[in-house]
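Below is one structure; the comments refer to it alone.
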Amino acid sequence: MEMRPYVEELCEEFVAAAAGGGDEARALAERLVGPLESAARLTLLKVLSAAADEITRDLAPGSVDVRLRGLDPGFVVTPPPAAEPFQDEPAPDRPLAPEPALPLDATGTEAGGATARINFRPPEQLKAQIDEAAGKQGLSVNAWLVRACQAVLASESRRGEQSTPQGGRRFTGWVR
């Protein structure tokens with residue numbers, strides 16, 4: 001994304017606005033264009049970074065990064081990993097029901113839901129691994145733990161759905 005046209009337009013508008021104040025004001029505005037150009041580039045970069053952070057929160061565990069190439073920013077999008085297929089086969093007479101999506105807020109908790117506090121004391125080595133995993137995904141440790149718990153519970157509920165046949169109980173074996 002090239003920022004030059006946007007910054008040049010801002011500087012031209014600045015000089016044109018100052019021209020209404022006479023030659024002296026216009027000359028001062030022309031001297032200030034250099035520092036204004038740098039400030040405008042930095043401000044635009046901050047805005048793009050903030051937008052990328054907000055998109056990353058919604059896209060997690062994927063991410064969007066802003067990278068500079070020369071003076072121009074670019075975006076690097078890392079999509080979330082594809083879900084791994086479930087290993088067990090579903091019962092032949094019962095299709096799997098799709099899992100309802102849970103809307104999550106920026107902290108990774110269910111949107112609109114109440115939060116609860118848990119005192120969690122993992123071993124030092126596990127804590128370091130959790131910190132690293134959360135950092136790689138651009139999440140807080142709390143948001144990462146919430147999502148990890150949700151994934152495990154969703155996986156367990158899918159397993160429970162698959163193990164119960166449609167008609168309730170099923171018995172197999174020999175009868176005398």
query = Taking the side chain from Thr56 and the backbone from Ala52, do they hold a donor-acceptor pair closer than 3.5 Å?
reply = yes
Group every Ile, Leu, Val, Met, Phe, Trp and Tyr by side-chain heavy-atom contacts under 4.5 Å, then state whether [X] and [Y] land in the same group.
X: Leu153; Y: Leu145; value: no
X: Tyr6; Y: Leu10; value: no
X: Val64; Y: Leu68; value: yes

request  = Check whether any side-chain heavy atom of Glu132 sits under 4.5 Å from a side-chain heavy atom of Gln129, and report yes or no.
outcome  = no
inquiry  = Between Asp65 and Phe75, is the side-chain contact (heavy atoms from CB on, under 4.5 Å) condition met? List the steps.
reply    = CA-CA 6 Å; Asp65 293 312; Phe75 296 100; over 6 Å; no
query = What pair of heavy atoms forms the shortest contact from Arg57 to Arg147, and how long is it?
reply =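 Smallest interatomic distance, heavy atoms only, reads O-NH2, 3.8 Å.
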Considering all heavy atoms, the nearest Lys127-Pro122 contact =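 So the minimum-distance heavy-atom pair works out to CB-CG, 4.0 Å.
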key: Value rounded to 0.5 Å, distance of CG in Leu126 from CG in Asp131   =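 Between Leu126 CG and Asp131 CG, I get 9.5 Å after rounding to 0.5 Å.
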task = For atom CD of Glu2, decide whether the heavy atoms of other residues, nucleotides or ligands shown that lie under 6.0 angstrom number more than 12.
result =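 Above 12, so yes.
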Counting only pairs under 3.5 Å, give me each side-chain donor-acceptor contact of residues 25-47, with atom names and distances, residues two or more places apart or in other chains.
| residue | atom | partner | partner atom | Å |
| --- | --- | --- | --- | --- |
| Arg26 | NH1 | Glu30 | OE1 | 3.4 |
| Arg26 | NH1 | Glu30 | OE2 | 2.7 |
| Thr43 | OG1 | Ala39 | O | 2.8 |

